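Encoded as structure tokens, the structure appears first; notes follow it.
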There are 2 protein chains.
Amino acid sequence: MDAPPRWLTPEQQAAWDSFIRMQEKLIGRLSRQVQADSRMSPADYIVLAKLTEAGGRMRLTDLAKLVEWEKSRMSHQVGRMAKRGLVAKEDCPDDGRGAFIVATPAGREAIEEAAPVHVEHVRRLFVDALTPEELDTLARISDRVLAHMEKQHY
Amino acid sequence: MDAPPRWLTPEQQAAWDSFIRMQEKLIGRLSRQVQADSRMSPADYIVLAKLTEAGGRMRLTDLAKLVEWEKSRMSHQVGRMAKRGLVAKEDCPDDGRGAFIVATPAGREAIEEAAPVHVEHVRRLFVDALTPEELDTLARISDRVLAHMEKQHY
DNA sequence: CAGGACTAGTTGACGCGTCAACCACCTCCT
DNA sequence: AGGAGGTGGTTGACGCGTCAACTAGTCCTG
């Protein structure tokens, strides 16, 4: 151990910096603007979107798997959303532990109102910045990084 | 108003999804692994890195500008770091409101220990996934998105 | 059918980020 | 000098994410 620390080359460093800066600014702006325009956080948005897309009624764990979140995170999120009336929890008759998460009418309304706003922001901040080729290239690169990470168990 | 919601094309949607998934997984893993290996959060890391890089003593606002954070965020962060002994606050003689943020010896030690760990994770999760050309392409794309966002005031 | 292993979901503590309100001090203008 | 307005920094409330510990119900196996 105590191997020589292998620093990044200037090009690698610069690429990492650019990526991080971009990603932070992009996500930050998108979050704030969606929140400001629709009274929904990005977390609310994705949960409600996936939930309604799947019929509006799902077990918590399934929902968590669908959006690739830990169940604890989903539980907290659903708790907050329930408090705001976007979803409701129902007991599961088949499994005494289980909980169904159900999109309320208010929740359905909220997502339908938020979706176009969300798309518009994504377009304006991100899609419009790039040519179709660049967009495609970025997708391929993203998939490569994803695949590379998925090979690592930890 | 009530313009037709212009949805994304399937390619655009797919590109956005890939990017989002990648970015979330990457940042998530990096945060957790850096935190686990070095007892420092990414926020601690960047603040301490920039601070020591600049001599280890800086006004809060300048530090905030350096890392492109709001002063409130920096104030909270510095408060937490001070509680853990990584930095200290000193009054500024020239300006009664001012505060100097100073890296403590413990802080310097922490960053020196964390830096190689951090680099190693960045390399393993990200740099190693891509060829130098891809890395370069990604950097260019990131810069384009950044530049595009910077043209928008809001 | 008893017990252990496993799974569903919750909870609490903590760090982090944002927003808005808020002092305290400084500057500048008259 | 005095007051308006700007700046440096803090604070508190809230939403979010993680981790670890926990409850309670289910399943499996002897």
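Below, each value reflects all heavy atoms present in this structure, side chains not excepted, and no hydrogens, waters or symmetry copies. Note that the coordinates shown come from a computational prediction; the quantities given were computed from them, not determined experimentally. Chain identifiers are assigned alphabetically (A, B, ...) following the order of the sequence lines, protein sequences preceding nucleic acid strands; residue numbering begins at 1 within each chain.
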N/O donor-acceptor pairs under 3.5 Å from side chains in residues 74-86 of chain A, not counting sequence neighbours:
from, atom 1, to, atom 2, distance (Å)
A:Gln77, OE1, A:Arg80, NH2, 2.8
A:Gln77, NE2, A:Asp44, OD1, 2.7
A:Arg84, NH1, A:Asp44, OD2, 2.8
A:Arg84, NH2, A:Asp44, OD1, 3.3

Under 3.5 Å, side-chain donor or acceptor atoms of residues 135-142 of chain A against the rest of the protein: list the pairs with distances, not counting sequence neighbours.
from, atom 1, to, atom 2, distance (Å)
A:Thr137, OG1, A:Glu133, O, 2.8
A:Ser142, OG, A:Leu138, O, 2.9

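Comparing B:Cys92 and B:Gly28 against DNA chain D, the residue whose closest nucleotide sits nearer the 5' end is B:Cys92.
With sequence neighbours excluded, the residues forming a side chain to side chain contact (heavy atoms under 4.5 Å, CB included) with A:Asp17 are A:Gln13, listed by chain and number. With sequence neighbours excluded, the residues satisfying side chain to side chain donor-acceptor pair (under 3.5 Å) with A:Arg57 are A:Glu90. Taking A:Asp95 as the reference, A:Arg97 meet the side chain to side chain donor-acceptor pair (under 3.5 Å) condition, with sequence neighbours excluded. Under the rule for a side chain to side chain contact (heavy atoms under 4.5 Å, CB included), the partners of A:Asp143 that lie at least two apart in sequence or sit in another chain are A:Leu146, B:Ser18. Judged as a side chain to side chain contact (heavy atoms under 4.5 Å, CB included), and not counting sequence neighbours, the contacts of A:Thr9 are A:Glu11, A:Gln12. Listed by chain and number, the residues in a side chain to side chain contact (heavy atoms under 4.5 Å, CB included) with A:Pro132 amount to none (sequence neighbours excluded).
The heavy-atom pair separating A:Thr52 from A:Ala103 by the smallest distance is CG2-CB, 4.1 Å.
When atom types are taken as modelled, the side chain of A:Arg123 and the backbone of B:Trp7 share a donor-acceptor pair closer than 3.5 angstrom.
Rounded to whole Å, the distance from CG on B:Asp91 to C1' on D:dT10 is 14 Å. Rounding to whole angstrom units, NZ of residue A:Lys83 and P of D:dA13 are separated by 15 Å. The distance from atom CZ of A:Arg39 to atom P of C:dT18 is 17 Å, rounded to the nearest whole Å. When rounded to the nearest whole Å, the span between CZ of B:Arg32 and P of D:dG17 equals 12 Å. A straight line from CE of A:Met81 to C1' of D:dG15 spans 13 Å, rounded to a whole angstrom. Rounded to an integer number of Å, the gap from CG of B:Asp94 to C1' of D:dT7 is 15 Å. As a whole-Å value, the separation of A:Glu70 CD from D:dA20 C1' is 11 Å. Taking atom CZ of residue B:Arg73 and atom P of nucleotide C:dT18, one finds them 5 Å apart after rounding to whole Å.
One finds a side-chain N or O of B:Arg80 lying less than 4.0 angstrom from the OP1 or OP2 phosphate oxygen of C:dC16. For B:Gln77 and C:dG15, the shortest distance from a side-chain N or O to OP1 or OP2 is not below 4.0 Å.
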request  = Treat primed atoms plus P, OP1 and OP2 as sugar-phosphate and everything else as base, then score nucleotides 4-12 of chain C 5' to 3': B for base contact with protein heavy atoms under 4.0 Å, S for sugar-phosphate contact only, - for none.
outcome  = ---BBBBBB

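A heavy atom lying under 4.0 Å from DNA chain C marks none of the residues of residues 104-123 of chain A. Shown for residues 40-50 of chain B: no residue has heavy atoms falling under 4.0 angstrom of DNA chain D.
When heavy atoms are screened at a 4.0 angstrom cut-off, A:Gln35 is found touching no nucleic acid atom at all.
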inquiry  = Could you walk me through whether B:Leu8 and A:Val119 satisfy the side chain to side chain contact (heavy atoms under 4.5 Å, CB included) test, starting with their C-alpha distance in whole Å, then the side-chain angles of each, then the deciding distance to 0.1 Å, before giving a yes or no?
reply    = CA-CA 7 Å; B:Leu8 300 181; A:Val119 170; 4.1 Å; yes

message = Set out, in order, the CA-CA distance, both residues' side-chain angles and the distance that settles side chain to side chain contact (heavy atoms under 4.5 Å, CB included) for A:Arg6 and B:Glu120, then state yes or no.
response = CA-CA 7 Å; A:Arg6 294 156 51 236; B:Glu120 213 45 59; 3.2 Å; yes

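Using a 30° and 60° split on the angle between ring planes, B:Phe126 and A:Phe19 fall in the parallel class, below 30°.
By the rule that hydrophobic residues join a cluster once side-chain heavy atoms approach within less than 4.5 Å of another member, B:Tyr45 and B:Leu60 end up as members of one cluster.
A rotation axis mapping the C1' atoms of four pairs onto the next four is fitted at both ends of the helix from C:dC1-D:dG30 to C:dT30-D:dA1 over five pairs, and the angle between these axes is 0° to 10 degrees.
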